[in-house]
Amino acid sequence: MKKNLDIRIKTPEELVTLREAGHILARILEKIKSSLKIGITTREIDTAAAQMIMQENVLPAFKGYRGYPACLCISVNEEVVHGIPGDRVIKSGDIVSIDIGIIYRQYFSDMAVTVGIGELEPRYRKLLDVTRQALYKGIAQARSGARLGDVSHAIQAYAEAKGFSIVRDFVGHGIGRQLHEDPEIPNYGRPGTGPLLKPGMVLAIEPMVNMGGFQTKTLKDGWTVITADRKPSAHFEHTVAVTEQGPVILTE
Ligand code: MF3
Ligand code: CO
């Protein structure tokens, strides 16, 4: 009950700013996606993204966050989230998750997509399709009067029905004046439970879906999260506003 009071309701003016922050971010991520090609390193992708962020006159939200060293998190195949850009070379058949956040006029937007490179195995294609769809199932529940557990449950039910597993160790979050605000948004849960959703709440919903088991481990770099069984994982994220008219995806 008390927890609900911590979820900040944004004013209409704040929502306008957040929508612009989302538009700009979606535009940047589109450019990053079209720069992906076989043979590029994840560091080169990050360097190009840093330029694009500068050209839009916004700031990277992740760089420096708890000491994170880059603009993007780039997580390939068995990497789940928080992959640090480096010497890894992108090859045909890879699935590459690009996670990016920006700050625009002191407001944050956050977004991730997973992209297939070259020829994808059908089961990899299915993992991407199911994870993207799971995100949209969750977004559809982000309505005034629903409970957060309805969002979480919709994501979990869809992904598990398709034979995949939901990562437990990392969750989505409220967003706005900070990258991470209350509430935490698990991608698993029970319908009808958790905080009541109200117009003006802004949520970063971000399912991480594994082909094998849900367990993860963090590498010695302190950031890169991989699946415990080394099977592939996908990640999609949107920043979404709860409004009187229903859920509005800000990052598009
Ligand atoms: N989308 C991720 C999140 O919301 C990315 C954070 S990366 C970090 O947690 F470097 F900023 F931590
Ligand atoms: Co996020």
Side-chain angles (χ1 to χ4, degrees), residues 7-8 10 18 21-22 24-26 28-29 32-33 42-43 45-47 49-50 53 58-76 79-86 95-104 106-115 131-132 134-136 138-139 142 148 151-152 155 166-188 201-210 216-227 233-242 247 249-252:
I7 305 174
R8 227 170 48 79
K10 275 75 182 181
L18 281 162
I24 296 166
L25 182 55
I28 294 170
L29 187 49
I32 295 169
K33 277 162 73 177
T42 55
R43 182 181 288 105
I45 300 167
D46 189 72
T47 303
I53 291 168
V58 295
L59 294 170
F62 299 167
K63 195 161 188 155
Y65 181 86
R66 299 187 182 199
Y68 188 76
C71 295
L72 305 179
C73 299
I74 308 181
S75 309
V76 183
E79 295 171 350
V80 178
V81 281
H82 302 168
I84 300 176
I95 55 171
V96 180
S97 154
I98 308 273
D99 190 353
I100 176 169
I102 58 161
I103 313 171
Y104 166 75
Q106 308 203 65
Y107 284 83
F108 288 75
S109 55
D110 188 1
M111 179 178 194
V113 293
T114 306
V115 181
T131 309
R132 185 189 310 101
L135 170 59
Y136 284 99
I139 291 171
L148 193 61
V151 175
S152 303
I155 293 168
I166 290 285
V167 170
R168 266 72 165 159
D169 298 336
F170 299 88
V171 296
H173 49 93
I175 183 168
R177 295 278 284 269
Q178 292 173 270
L179 177 59
H180 294 146
E181 297 183 0
D182 282 340
E184 287 197 345
I185 307 176
N187 299 295
Y188 55 93
M201 290 180 176
V202 179
L203 310 173
I205 305 174
E206 49 177 320
M208 291 142 270
V209 175
N210 292 354
T216 69
K217 59 176 267 184
T218 301
L219 298 185
K220 287 200 195 73
D221 64 19
W223 283 101
T224 311
V225 177
I226 65 167
T227 55
S233 181
H235 178 210
F236 284 82
E237 176 175 24
H238 270 308
T239 299
V240 177
V242 179
I249 299 175
L250 301 177
T251 38
E252 65 179 21

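No hydrogens, no waters, no symmetry mates; every other heavy atom, side chains included, goes into these values. Remember, it's 1-based here, ligands and their atoms both numbered in the order they're listed.
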S.K.: Taking the Co ion (ligand 2) as the vertex, measure the angle between atom OD2 in Asp110 and atom NE2 in His173; round to 10°.
M.R.: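 Here the angle at the metal atom is close to 90°, to 10°.
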S.K.: With distance as the sole test, does Ser75 use its side chain to make a donor-acceptor pair with the main-chain N or O of Ser97 at under 3.5 Å?
M.R.: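 Looks like no, no N/O pair under 3.5 Å.
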S.K.: Between Ile100, Val240, Leu29, Leu25, which is the residue that forms a side chain to side chain contact (heavy atoms under 4.5 Å, CB included) with Thr251?
M.R.: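 Only match with Thr251 under side chain to side chain contact (heavy atoms under 4.5 Å, CB included): Leu25.
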S.K.: Which distance, rounded to the nearest 0.5 Å, do you find between the CD1 of Ile102 and the NZ of Lys63?
M.R.: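 Between Ile102 CD1 and Lys63 NZ, I get 16.0 Å after rounding to 0.5 Å.
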S.K.: Are any side-chain N or O atoms of Asp46 and backbone N or O atoms of Cys71, one a donor and one an acceptor, separated by less than 3.5 Å?
M.R.: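 Such a contact is found between Asp46 side chain and Cys71 backbone.
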S.K.: Measure from the Co ion (ligand 2) to every N/O/S atom of Glu206 and report the name of the nearest one.
M.R.: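 So the atom name we want here is OE2.
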S.K.: Tell me, which N, O or S atom in Glu237 is closest to the Co ion (ligand 2)?
M.R.: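 Closest N, O or S atom of Glu237 to the Co ion (ligand 2): OE2.
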S.K.: Taking any residue with a non-hydrogen atom under 4.0 angstrom from an atom of ligand 1, which ones do you get?
M.R.: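 If the criterion is a heavy atom under 4.0 Å, then ligand 1 touches Phe62, Tyr65, Tyr68, Cys73, His82, Asp99, Asp110, His173, Leu179, His180, Glu206, Trp223, Glu237.
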S.K.: Between Thr239 (side chain) and Ala204 (backbone), is there a donor-acceptor pair under 3.5 Å?
M.R.: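 No; zero donor-acceptor contacts below 3.5 Å.
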S.K.: Could you give me the CA-CA distance, side-chain angles and deciding distance for Glu206 and His173, then say whether side-chain contact (heavy atoms from CB on, under 4.5 Å) is met?
M.R.: CA-CA 8 Å; Glu206 49 177 320; His173 49 93; 3.1 Å; yes
S.K.: Please confirm whether the backbone N or O of Ala21 pairs with a side-chain atom of Ser109, one donor and one acceptor, at under 3.5 Å?
M.R.: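 Yes: the side chain of Ser109 pairs with the backbone of Ala21.
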